[in-house]
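Written out below as structure tokens is the structure these notes cover.
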Amino acid sequence: MTETGEAQHVIKARQEKLRRLQELGIEPYAYHYEPTTSAAAALRDYEAMSGESAVKSRLAGRVRSLRPHGKTTFAHLEDRTGKMQVYFRQDTLGDEGYELVKLLDLGDWIGVEGPMFQTRTGEITLRADDLQLLAKTVRPLPYGKEEKDESGESIEHGGFGDVESRYRQRYADLAVHSEVRDLFVVRTKALREIRRFLDDRGFLHVETPILQPVYGGATAQPFTTFHRTLDRELYLRIADELYLKRLIVGGLERVYEIGQVFRNEGIDRTHNPEFSMLELYQAYADYHDMMDLTEALVHHVVQEVKGTSVITYEGKQLDFQPPWPRLAWYEALERHGRLSAADLGVEGLRGAAREAGVEDADEKGKTALLDGLFKALVEDELSGPIIIYDYPVELSPLAKHKRGGDRTLTERFEVFVAGRELANAFSELNDPFEQRERFEAQARMREEEGWEEAHQVDEDYITALEYGLPPTGGMGLGIDRLVMILTDRSSIREVILFPTLRPE
RNA sequence: GACCGGGUAGCUCAGCUGGUAGAGCAGCGGACUUUUAAUCCGCAGGUCGUGGGUUCGAGCCCCACCCCGGUCACCA
């Protein structure tokens with residue numbers, strides 16, 4: 001990045017310090033340091049020993065604040081666990097050692113070693129008998145200033161608030177905001193708990209292709225790319241589904257995958273072009289089993305990560321303790337949309353859609369009208385968690401018909417939380433003949449109605465089904481949205497380390 | 001994609017009916033051996049998102065474009 005104006009001056013000044021350090025024989029970019037403790041642990045240990053510490057602690061981290069007072073300097077060092085005040089004295093460090101203190105800048109990585117004590121104002125502090133520079137920061141980090149009010153709450157002044165810069169330079173955002181680091185720790189914990197839950201139930205964590213010759217498993221437009229040696233177009237996966245079910249055919253019986261999928265669609269607060277999905281498939285299970293499993297899995301994650309099953313999201317209390325309310329799709333439309341959709345013909349639906357403000361209602365077919373009505377009238381009302389089940393067959397090309405004869409419904413459910421879909425599951429269609437028909441119906445919609453999101457016919461997948469897919473329950477869950485709920489964020493970009501932005 | 005709001009110093013922001021750009025923090029120099037938004041004295045720091053236009057004169061008005069955010073649409 002090139003700078004004009006002042007950043008250039010600051011950077012020059014720091015480079016000048018770098019030169020002076022080298023003159024003093026100090027290597028500004030070290031190779032190694034071995035901290036013996038962390039800020040949080042050192043504070044905890046000191047308090048446990050009720051102040052009788054002669055033990056030296058060795059810490060490493062970034063210089064977070066500097067308060068020089070002539071021959072003495074106070075600083076805060078911050079590591080991944082928190083902050084520790086450090087006290088430098090010219091008489092303990094020596095004139096040369098103290099020269100290094102004078103050349104420190106905010107953001108520098110340092111290592112310090114020394115005994116702990118309590119200052120006159122009561123803050124537990126490490127007196128540095130030794131100071132090592134680990135890496136010089138030549139570009140100023142956008143630190144704000146922190147103040148502690150009477151209750152010990154810290155108030156940030158200034159700071160780094162521009163969201164665009166925060167996402168573009170996430171490294172600076174993370175360096176400066178411990179709460180952002182905490183958020184991604186929560187994300188990691190959630191992932192770990194998902195894996196633990198599934199591993200404990202005999203699921204195998206597998207990896208399937210991201211580059212696919214035929215995409216499928218969802219209705220979405222793909223990203224295309226090109227393989228030179230193969231001399232052909234490939235697609236970035238829009239879902240893991242079809243490959244995972246091939247593995248069930250192969251006898252793995254319980255599989256799951258967590259990874260990014262890619263959809264070439266709009267970007268907004270709840271959509272990023274690449275996002276993380278959990279998909280799992282379990283042989284011999286149906287969608288009732290998937291309901292129980294989904295409730296248990298999400299509850300487990302919420303409980304382990306948050307320590308409670310009731311959490312606050314966007315000001316609302318959400319209770320994840322199973323069982324969750326379960327409501328049939330048409331019933332939901334009746335209850336929330338006050339619409340008896342099953343009794344209405346296409347024209348009736350179209351009229352209702354127009355009234356509900358569904359865009360292009362006049363050009364839409366029955367499928368799209370139903371979908372539009374549900375989104376317009378019902379989704380926002382679903383604070384959740386709630387399970388909506390038995391979807392119209394037109395919306396679900398990969399789900400089995402509802403058993404018992406009603407050919408208009410499928411054994412599919414979705415979980416809604418805060419008005420948004422969190423999970424999607426069904427009794428997987430395992431009849432190869434019907435699967436072919438549904439693919440072909442989709443292909444016709446693609447050709448006749450120009451519906452680009454419709455499925456392609458995946459011949460190899462049908463071949464797999466012909467070898468026999470046992471009855472199987474499958475479920476997909478949006479990881480990013482789960483993390484949004486766990487961290488009370490309303491933008492998906494807050495929970496993705498490097499969200500997609502327009503190139504500068 | 002449509003509409004609304006925003007883009008000014010490294011960061012956070014102010015900038016009047018158009019008169020040639022300001023504060024705090026950060027930075028630099030100086031004083032200071034238990035401070036903590038350290039303090040005190042001094043200094044420096046700007047393609048005002050980009051490109052056009054109107055005007056004697058544009059950060060401000062007009063047009064186009066770029067980027068971000070919000071709402072809606074599209075979309076799991």
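In what follows, every chain begins at residue 1, and chains take the letters A, B, ... in the order their sequences are listed.
The nearest whole Å value for the distance from the CG atom in A/Leu106 to the P atom in B/U36 is 17 Å. Spacing between atom CZ of A/Arg89 and atom P of B/U35 amounts to 12 Å, rounded to whole angstrom units. To the nearest angstrom, P of B/U39 lies 11 Å from CD of A/Glu147.
If you check every strand for non-hydrogen atoms under 4.0 Å, A/Glu123 touches a base. Within 4.0 Å (heavy atoms only), A/Phe416 reaches at least one base atom of the nucleic acid. Within the nucleic acid shown, A/Asp162 comes within 4.0 Å of sugar-phosphate atoms alone, with no base atom in reach, counting heavy atoms only. At a threshold of 4.0 angstrom between heavy atoms, the contacts of A/Lys83 with the nucleic acid are absent. Nucleic acid contact for A/Arg420: none, since no nucleic acid atom lies under 4.0 Å from a heavy atom of the residue. At a threshold of 4.0 angstrom between heavy atoms, the contacts of A/Asp268 include nucleobase atoms, whether or not backbone atoms are also involved. Counting non-hydrogen atoms under 4.0 angstrom, A/Glu379 reaches a base of the nucleic acid.
By the 4.0 Å N-to-carboxylate-O rule, A/Lys245 lies close enough to A/Glu428 to be salt-bridged with it.
Defined by atom type and a distance below 3.5 Å, a donor-acceptor pair is missing between the side-chain atoms of A/Glu274 and A/Asn272.
Comparing A/Ser490 and A/Ile267, the nucleotide of RNA chain B nearest to each residue sits closer to the 5' end for A/Ser490.
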